[in-house]
Amino acid sequence: MELATKYNPSEVEGKWYQYWLDNKFFASKPDGREPYTIVIPPPNVTGVLHMGHMLNNTIQDILIRKARLDGKNACWVPGTDHASIATEAKVVNRLAEQGIKKLDLTREEFLKHAWDWTHEHGGIILKQLRRLGASCDWDRTSFTMDQVRSESVLRVFCDLYDKGLIYRGLRMVNWDPKAQTALSNIEVIYREEKSKLYHLKYYVADPENLEIPENTDNIIHKDERGYYAVVATTRPETIMGDTAMCINPKDPKNQWLKGHKVIVPLVGRVIPVIEDRYVDIEFGTGCLKVTPAHDVNDYNLGKTHNLETIDIFNPDGTISQAAGMYVGMDRTDVRRQIAVDLQEAGLMDHIEDYENKVGYSERNPDVAVEPRLCMQWYLSMKHFAEIALPPVLEGKIKFHPQKYVTTYRNWLENIDDWCISRQLWWGHRIPAYYIETKPLSDSPEGEEERFVVALTEEEAYKKALEKYPDLKALPSGSGEGGWTLRHDEDALDTWFSSWLWPISLFDGINNPGNEEIKYYYPTADLVTGPDIIFFWVARMIMAGEEYLGDVPFRNVYFTGIVRDSLGRKMSKQLGNSPDPIGLIDKYGADGVRMGMLLAAPAGNDILFDEALCEQGRNFCNKMWNAFRLIKGWESADIQQPSLNSHAIAWMQARIRTDVAEINDLYGKYRLNEALMAVFKLFTDEFSGWYLEMIKPEYDRDRNCPKPLDKATLDATLDIFGQLMQVIHPFMPFITEELYQHITERKEGESIMISTLKLDAPSELDAKLIAIYEEGKQVISGVRAVRQQKNISPREPLVLEAPQIADGVAVLLSDTVIKMAGLSEIKLVDRKSEGTQSFLVGTDEYAVPLGSLIDTDAEIRKAEAEIQRLQGFKTGIEKKLGNERFVQNAPAQVVELERKKLSDAESKIAALQETIKSLKG
RNA sequence: GGGCAAUUAGCGCAGCUGGUUCAGAGCAUCUCCCUUACAAGGAGAGGGUCGGGGGUUCGAAUCCCUCAUUGCCCACCA
């Protein structure tokens, strides 16, 4: 069969992936082997693959495949995340396109739409991962909202509630007015923004009592309408909610305002001037307007000073009835309008440009978050911080790179309670049931709520009766005087299910101590981005410690962000995000995998460039052609030349040595370096040197290569197979293809499940490698001479080598002759005249060139080299002349310097000799 | 405002606890070669005062101080 000169991935990849699936090579069951588990960071169920996923999952696949080759029971569990806010937003948008409003639907109707959407788009991303070669155990595919995972979430909620760690609280939360839900603190992203600082006039309401101090530091504003204070604010639209003005009691500028009242501009409300040290004297005028309903700090001031709270916003960010003005307008429009109105009313002192930070919703990045006071569910974090800190600080979990340990610690040491309720329908419904004996007030400050937390409604009834014995006297049901349960409308934060992922995937919550959780937990490695260290990584550690008393993983490998070659983040707007599947079509999955990884040192951002995929594709081609070469050789029952047996020994030594290093790099998660080492081993050592060494001559009579001795061919096939195994984790498809060719596969075999057992490199290996390295230098030396003199590689040359019994010219003479295209190697005491020479170490080699030699140029070259060496020499002499160096430096180092000196001297001597002979 | 990291060849990076793996590979660049596996290839070559300045030391890319630049994270200054 004729093989194409280029590797064609598209012919190969689909075939092998199916073969792997058919043979269930990805499947894992608990057995006696050592487990190696990875749980996938679940992508959004309706998401599509982007470059970040490509990187992340390539790394996971490499680790999993490596573990499999090492004989471990590798289990990579895939799945998707319901991503409540993101998905619900998408569903709402789609409904809107159809003219349907969410609020017009019942919860059940909405959820039906959401599930339809999920089934329609769900799992596309997992299909895409197959193209990449991801060797997930697909039978285990899970979803954060499937039955097992959902039950786990509810059980955990009930359990934590029973433990007193979950509570309901009226707090200032971050409110997303578009999604109309609360967010946790870490879901808010602060962005620096150009805005305005509005300086508003708050006239003193009781000027008759004002005592104007003289000759003081007070700064007093007055115009024809009277005395006023200037308040600087970025949010003039909140003045309807002002219930006080606050100054710092020590502020010399504003002493005159103490104890007075001021009038809120436009609104006309008279509010007190309160004093609190919270106020920064330096900022603005030192006067702060206090809006307890719409700012966390103001809320706190309101609490300490017993201020009234006026909530001027509706949940969707429009102005509420309570504001009394601008009712129904959107907050952003009001800001514009009120600025105009204030100007016109003469209540605006001035406006200046200002930069401040505005919080945006992580999932709705164009929506500014509104602080809002409402009742939410919280998970108390003190306990979790305490259990999650030690495993990381003590190194039971290792972070790669390590610098994230500090980040992790800082966060846990300053952690806020976790707001876990979301006013969404798509998600796990909070298993709380309110007892309704009469219509409940909607007001958050309504009377004390009565509720129970239970896994099912049935259980909730029982619990209700236990908790509130008075209910026993009442008839159950919605009838006259009866009582019913109202299921909490809210859903849980998505991360409240994700944090259980390494446990819930093995059903360790519902079914504690089951065989799978015992076997697979803790998992080995987690591969994820540093952006979710708090959202996910930290919380998994909390859940793991809480529910299994053990860490969820041993290592966390933080990948960088994939950027374009200019260092910009990939984004749809910029259009700089390549389509991963398109890339795979173009370069093959193996090529793309290599391209991704080459640019990806652990923890650094990766600057992705398609050219890197080209390099990956080229490497595939290199392997393919090396295989074609070997495949074309016939074997014959002839004596094995010593050149070949030596080359085999050397190549094997090389493999042992390099694989040891590669394994070490794996251990340090320096996968890009491991890949580089793999690449060089194959391209340089194997293809560039080894294959060329043993390559049989061409038989012109038969028009094909001469046969190769069987022993060498067999050994070469073995070596090739080993190399495929070493490369396989990085490039699974082509290595499988070539491995199968090499081994004449039988059905059911695969490189995936093969094992590679190599001895540790020995001292002998090191020696062998050193000899060959020197031999390579001699060969390169001759090639360089050819290059300089423009001599064809096919023209045989003679090499004069120094008389050294164990020198490479003797030990590797056959190899050097073949590789350098020599007719012979002459061992000489003195090189002859008319040669071009080069040094390898301190040994001088010479190629006689007769008339080709340019004597003058050679002399100039030698003189330049002598000069360089002289400089080198004087440097060392100076060092050795320094008594303190000789006294203080270790003997070894001093000895080395001496050797350098003598080497330099002998090199200089040799060069002078050369010049002499050239001058003849 | 606090913290962390980075700064080494045109580019993206490696250089572990100070001394032969010390100034490195890869890509890119340049030169030559369509040699019977591979031009998606081969052979060869050039290229860096290790961000600036100071210090410690016999000796610093490596340790310390300082400045500069960049990036990231955290934080309620309106």
Using a cutoff of under 3.5 Å, can you pull out all pairs of nitrogen or oxygen atoms linking the protein to nucleotides 55-64 of chain B, with atom names and distances?
| residue | atom | partner | partner atom | Å |
| --- | --- | --- | --- | --- |
| B/C58 | O2' | A/Asn882 | ND2 | 3.0 |

Determine the interatomic distance between [atom1] on [N] and the same-named atom on [M]; round to the nearest Å.
{"N": "B/G10", "M": "B/G48", "atom1": "P", "answer": "8 Å"}
{"N": "B/G12", "M": "B/G51", "atom1": "P", "answer": "14 Å"}
{"N": "B/C50", "M": "B/C11", "atom1": "P", "answer": "16 Å"}
{"N": "B/A43", "M": "B/U49", "atom1": "C1'", "answer": "33 Å"}
{"N": "B/U17", "M": "B/U62", "atom1": "P", "answer": "12 Å"}

Would you please say whether a donor-acceptor pair under 3.5 Å links the side chains of A/Tyr202 and A/Asp242?
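Yes, a side-chain donor-acceptor pair sits under 3.5 Å.
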Short side-chain donor-acceptor distance under 3.5 Å, A/Asn174 and A/Asn185:
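Present: a donor and an acceptor within the cut-off.
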Just by protein heavy atoms under 4.0 Å, how would nucleotides 37-44 of chain B read 5' to 3' in B, S and -?
BB-BSSBS
Per-nucleotide protein contact along nucleotides 71-78 of chain B, 5' to 3', at a 4.0 Å heavy-atom cut-off (B base, S sugar-phosphate only, - neither), is --SSBBBB
Using the side-chain hydrogen bond (donor to acceptor under 3.5 Å, both in side chains) criterion, which residues pair with [X]? Sequence neighbours excluded.
{"X": "A/Ser195", "result": "A/Asn356"}
{"X": "A/Asn888", "result": "none"}
{"X": "A/Asn703", "result": "A/Tyr698"}
{"X": "A/Lys357", "result": "none"}

Only counting residues at least two apart or in another chain, list the ones meeting side chain to side chain contact (heavy atoms under 4.5 Å, CB included) with A/Leu717.
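Once residues adjacent in sequence are excluded, the partners of A/Leu717 under the side chain to side chain contact (heavy atoms under 4.5 Å, CB included) criterion are A/Ile630, A/Leu713, A/Ile742.
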Can you give the dot-bracket line for RNA chain B, using ( ) for pairs inside the strand, [ ] for pairs that cross earlier ones, | for pairs with another strand and . for unpaired bases, where Watson-Crick and G-U count if both distances are under 3.5 Å?
(((((((..((.(.....[....).)).(((((.......))))).....(((((..]....))))))))))))....
Show the atom names and distances, to 0.1 Å, of all donor-acceptor pairs under 3.5 Å that link a side chain in residues 616-623 of chain A to residues at least two apart or in another chain.
| residue | atom | partner | partner atom | Å |
| --- | --- | --- | --- | --- |
| A/Asn621 | OD1 | A/Tyr7 | N | 2.9 |

Who passes salt bridge (charged side-chain N to carboxylate O under 4.0 Å, His left out) against A/Lys907, sequence neighbours left out?
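Applying salt bridge (charged side-chain N to carboxylate O under 4.0 Å, His left out) to A/Lys907 gives none.
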What class does the angle between the rings of A/Phe558 and A/Phe399 fall in, given that below 30° is parallel, 30 to 60° is tilted and above 60° is perpendicular?
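Answer is perpendicular, since the angle exceeds 60°.
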Please report whether the ring centroid of A/Tyr690 lies less than 6.0 Å from that of A/Phe686.
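Centroid distance A/Phe686-A/Tyr690: below 6.0 Å, so yes.
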Is it true that, when you exclude A/Glu697 itself, more than 12 heavy atoms of the residues, nucleotides or ligands shown sit nearer than 6.0 Å to its CD?
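For A/Glu697, atom CD is not crowded (no more than 12 foreign heavy atoms under 6.0 Å).
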Kindly state each residue pair satisfying salt bridge (charged side-chain N to carboxylate O under 4.0 Å, His left out) with at least one member in residues 885-898 of chain A, sequence neighbours excluded.
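Sorted result for residues 885-898 of chain A: A/Lys879-A/Glu897, A/Glu897-A/Lys900.
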